[in-house]
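First up is the structure itself, then whatever we jot down about it.
Any value given below was found using the heavy atoms of this structure, including those in side chains, with hydrogens, waters and symmetry copies removed.
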Amino acid sequence: MSQAHGYAAHDKHAHLVPFSFERRAPRAADVVIDILYSGVCHSDLHQAHDDWGGSIYPMVPGHEIIGRVIEVGSGVHKFKVGDLAGVGCLVDSCRHCAACEEDLEQYCEGGLTVTYNGRERDSGAPTYGGYSDFIVVDEHFAVKVSDQLDLKAVAPLLCAGITTYSPLRHWKVGPGQKVGVIGLGGLGHMGVKFAKAMGAQVVMITTSPDKGKDAQRLGADAVLLSTDADAMGAAANSFDFLLNTIPVPHDINPYLALLRRDRTMAMVGVLTELDPPPLGIGLILGRKSVAGSAIGGLKETQEMMDFCAEHNIVSDVEMIAIQDINQAWDRLLKNDVKYRFVIDMATLKQPS
Ligand code: NAP
Ligand code: ZN
Ligand code: ZN
C-alpha cells in the first residue's frame with residue numbers, strides 16, 4: 001500500500017477538499033501511473049451529488065486520466081516505465097462473461113468495477129479516481145497514448161471521446177448520412193468531431209445560440225437551435241442518427257420528430273427517468289428507435305485513441321488548477337465551459 005493524495009467529496013453537499021488515501025501495492029499485472037492530466041466529466045458531478053444513488057464517500061472523482069507509467073508489475077507486457085498511458089471509466093470486470101469475452105467490458109454481466117465510486121472485486125475497498133497524484137491499475141484497463149497529440153487535450157478522450165465514438169461506430173455512421181449531436185458539452189463536441197471524421201454530414205443541435213460560431217472549427221456543417229420551434233419543424237424527418245448527450249431529464253419527443261423512418265436516437269446523457277417519457281406515437285409513426293449506449297470496451301477505447309492520433313482529433317479544453325475545481329464544477333452546472341475542463345495535476349503539489 002502507498003499513500004496517495006487527491007481531492008475528495010465527503011458527502012453529497014460537500015465541496016471537494018484535499019484528501020489522502022491508500023492505493024493498493026502493485027500486483028504482477030498492474031502498472032502505476034503518475035497522473036499528468038485529469039478531465040472533468042459531468043458524471044463526476046452526478047456521482048458526487050449522488051444523483052444516481054448509492055454513492056460511496058469520501059469520493060475522489062476523475063475517469064479521464066492521462067499519465068506516465070512509473071512502475072510495472074512482473075507480468076506486465078503492454079507498458080514499460082516511461083510510457084504514456086490512459087485510464088477511463090473502468091478498472092476491472094469479471095473477464096469471463098459473454099460481454100467481457102466480446103471486449104465489451106462496459107456491459108460486464110458479472111459487475112464491472114468503475115474507476116471511482118466503485119469497489120475492488122477482491123477486497124471490496126472503494127476505488128478512487130483521477131483527481132489524484134497516481135493510480136494503480138491492471139494493464140488491461142489502461143490504453144496506449146500517442147505522444148504526437150497535445151496530452152492535456154487527450155485526457156477527455158478517455159470518457160467523452162469513447163462514449164461518443166462507440167455509438168457512432170455501432171450505428172455505422174458514415175458518408176451520405178445526416179447526423180445530429182444534441183447537447184454541445186464535453187461529450188457532444190467530441191461527437192461532432194468524430195461524426196465529421198467518419199464522413200457524415202453533421203448538425204449541432206444546441207440550446208446555446210453562441211455555440212453556433214464554433215461550428216466550423218468543430219467540424220459541423222450546420223447548427224439547429226432546439227429552442228427555435230420553426231427551425232425544428234423544418235428539420236422534421238431528416239436525420240439518419242441522433243446522439244443525445246443532454247445530462248438531465250428532458251422531453252425527447254421534439255428530437256424524435258427529427259428522425260427519418262427506421263432511424264435511431266442513442267441516449268448517452270440521462271441515466272435516470274425521461275421526463276416526460278417518449279410518446280408511443282412518436283416511435284410508432286416512423287418505426288423509430290430510442291437506444292442507449294455506455295462508454296466503450298478497452299479494445300474499442302484503444303481503437304478510438306488510435307483513430308484520434310490518425311485524424312489529429314483532441315478535445316477543446318480549458319485548463320484549471322486542482323485548487324479551482326469547485327468553481328469549475330459550478331460553471332459546468334451552469335453550462336459554462338468550452339468544451340471540457342482539464343485539471344493540470346502538477347498543481348496538486350502546489351501549496352493550497
Ligand atoms: P456537459 O459538458 O455538461 O454537456 C452537456 C450539454 O448538454 C451542455 O453543454 C448543453 O449543451 C446541454 N444541456 C445542459 N443542460 C441542458 C438542459 N437542461 N436542456 C437541454 N440541454 C442541456 O456534460 P458531459 O460531460 O458532456 O456529459 C453529458 C451527460 O452524459 C452527463 O449526464 C454524463 O453523466 C453522461 N455521461 C454518460 C456516459 C455514458 O457512458 N453513457 C459517459 C459519460 C458521461 P448546449 O449548450 O449545446 O445545449
Ligand atoms: Zn465521464
Ligand atoms: Zn464480465
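At a threshold of 4.0 Å, the pair D83-K78 does not count as salt-bridged, since none of the basic side-chain nitrogens sits closer than that to a carboxylate oxygen. With respect to the salt-bridge test (charged N to carboxylate O, under 4.0 angstrom), the residues R24 and D122 do not qualify.
Side-chain atoms of E105 come within 3.5 Å of backbone N or O of L298 as a donor-acceptor pair. The backbone N or O of Q148 lies less than 3.5 Å from a partner atom in the side chain of S146, making a donor-acceptor pair. Although no hydrogens or angles enter the test, the distance criterion places a donor-acceptor pair under 3.5 Å between the side chain of T127 and the main chain of V114. A donor-acceptor pair under 3.5 Å is formed between the side chain of K288 and the backbone N or O of L259. In this structure a side-chain-to-backbone donor-acceptor pair under 3.5 Å is missing from Y339 to L187. Using a distance-only test at 3.5 Å, with no hydrogens or angles considered, no donor-acceptor pair links the side chain of S166 to the main chain of T163. The main-chain N or O of L168 is never found under 3.5 Å from a side-chain atom of H170 such that the two would form a donor-acceptor pair. With hydrogens and angles disregarded, no donor-acceptor distance shorter than 3.5 Å links the side chain of T206 to the backbone of L225. Between the side chain of K349 and the backbone N or O of D133 there is no donor-acceptor pair closer than 3.5 Å.
Note: I33 CD1 to I65 CD1 = 7.5 Å, rounded to the nearest 0.5 Å. Atoms CD1 and CD1, from I205 and I246 in turn, are 9.0 Å apart once rounded to the nearest 0.5 Å. Taking CG from L258 and CZ from R263, the interatomic distance works out to 13.5 Å, rounded to the nearest 0.5 Å. Atom CG of L271 is separated from atom CG of D51 by 10.0 Å, given to the nearest 0.5 angstrom. Between the CE atom of M345 and the OG atom of S132 there is a distance of 6.0 Å, given to the nearest 0.5 Å. The distance from atom NZ of K144 to atom OG1 of T301, rounded to the nearest 0.5 Å, is 15.5 Å.
I182 is not connected to W171 by any chain of hydrophobic side-chain contacts under 4.5 Å among Ile, Leu, Val, Met, Phe, Trp and Tyr, and they are in different clusters. I162 and Y107 fall into different hydrophobic clusters, defined by Ile, Leu, Val, Met, Phe, Trp and Tyr side-chain heavy atoms under 4.5 Å apart, directly or through other members. Linking Ile, Leu, Val, Met, Phe, Trp and Tyr whenever their side-chain heavy atoms come within less than 4.5 Å puts M305 and M190 in one cluster. By the criterion of side-chain heavy atoms lying less than 4.5 angstrom apart, applied directly or through intervening Ile, Leu, Val, Met, Phe, Trp or Tyr residues, V91 is grouped together with V31 in one hydrophobic cluster. Taken together through direct or relayed side-chain contacts under 4.5 Å among Ile, Leu, Val, Met, Phe, Trp and Tyr, F241 and L224 form parts of separate hydrophobic clusters.
Heavy atoms only, all atoms of each residue included: D221 and A200 are closest at OD2-O, 4.0 Å. Contact record, G188 with V181: O-CG1, 3.4 Å, taken as the closest heavy-atom pair. Taking each heavy atom of L158 and V87 in turn, the nearest pair found is CG-O, 3.5 Å. Scanning all heavy atoms of the two residues, the minimum distance from T272 to P249 falls at OG1-CG, 3.8 Å. Here the closest heavy-atom approach between residue P276 and residue N253 is recorded as CG-ND2, 4.5 Å. Here the shortest heavy-atom pairing between P254 and M232 reads O-CE, 3.8 Å.
Between S93 and F141 the shortest side-chain heavy-atom distance falls below 4.5 Å. Using a 4.5 Å cut-off on side-chain heavy atoms (C-beta onward), Y57 and H10 make no contact. Annotation: side chain of Q323 is in contact with side chain of T347 (closest heavy-atom distance under 4.5 Å). Looking at heavy atoms from C-beta onward, I135 lies in side-chain contact with T115 at the 4.5 angstrom threshold. Using a 4.5 Å heavy-atom cutoff, the side chains of C94 and E109 are not in contact. The closest side-chain heavy-atom distance from V40 to I325 is below 4.5 Å. Between W329 and L16, some side-chain heavy-atom pair lies under the 4.5 Å cut-off. Side-chain contact between V72 and K80: absent, with no pair of heavy atoms (C-beta onward) separated by less than 4.5 Å.
Residue pairs meeting the side-chain hydrogen bond (donor to acceptor under 3.5 Å, both in side chains) criterion with at least one partner in residues 58-67, sequence neighbours excluded, are E64-R340.
Ring pair H42/H46 is tilted by interplanar angle, where 30° to 60° counts as tilted. Using bins of under 30°, 30° to 60° and over 60° for the plane-to-plane angle, the ring pair H250/Y255 lands in the perpendicular bin.
Between Y128 and the choices F134, Y116, F21, the ring pair (Phe, Tyr, Trp, His ring centres under 6.0 Å) rule is met once, by F21. The only option from K338, K193, K211 that meets the salt bridge (Lys or Arg N to Asp or Glu O under 4.0 Å) definition with D316 turns out to be K193.
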Report the C-alpha separation of D34 and R68 in whole Å, then their side-chain angles, then the decisive distance to 0.1 Å, and conclude whether the salt bridge (Lys or Arg N to Asp or Glu O under 4.0 Å) test is met.
CA-CA 5 Å; D34 178 47; R68 211 169 272 286; over 6 Å; no
Criterion salt bridge (Lys or Arg N to Asp or Glu O under 4.0 Å) on D138 and R27, from CA distance to verdict:
CA-CA 8 Å; D138 187 304; R27 303 167 185 152; over 6 Å; no
Passes salt bridge (Lys or Arg N to Asp or Glu O under 4.0 Å), R260 versus D240? Steps please.
CA-CA 6 Å; R260 294 176 62 197; D240 294 292; 2.8 Å; yes
Evaluate salt bridge (Lys or Arg N to Asp or Glu O under 4.0 Å) for D344 paired with K152, printing each intermediate quantity in order.
CA-CA 8 Å; D344 180 351; K152 59 185 185 302; over 6 Å; no
side-chain contact (heavy atoms from CB on, under 4.5 Å), that's the test. Do I295 and C159 meet it? Break it down for me.
CA-CA 7 Å; I295 43 173; C159 176; 4.2 Å; yes
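Partners of E273 under the side chain to side chain donor-acceptor pair (under 3.5 Å) rule, at least two apart in sequence or in another chain, do not exist in this structure. Residues meeting the side chain to side chain donor-acceptor pair (under 3.5 Å) test with Y37, sequence neighbours left out: none. For E318, the side chain to side chain donor-acceptor pair (under 3.5 Å) partners two or more places apart in sequence, or in a different chain, are R331. R169 meets the side-chain contact (heavy atoms from CB on, under 4.5 Å) test with Y165, M198, E300, E303, F307; sequence neighbours excluded. Considering only residues two or more places apart in sequence or on other chains, A125 meets the side-chain contact (heavy atoms from CB on, under 4.5 Å) condition with E120, S123.
One side chain, Q3 or E22, offers a donor N or O that lies under 3.5 Å from an acceptor on the other. In summary, the side chains of S55 and D50 do present a donor paired with an acceptor at a separation below 3.5 Å, with no hydrogens or angles considered. When only modelled atom types and interatomic distance are considered, D214 and H189 share no side-chain donor-acceptor pair under 3.5 Å.
Within a 6.0 Å sphere centred on CG of N312, heavy atoms belonging to other residues, nucleotides or ligands number 12 at most. Remark: E101 CD is packed, more than 12 non-hydrogen atoms of other residues, nucleotides or ligands lying under 6.0 Å away. A 6.0 Å sphere centred on NZ of K12 holds no more than 12 heavy atoms belonging to other residues, nucleotides or ligands.
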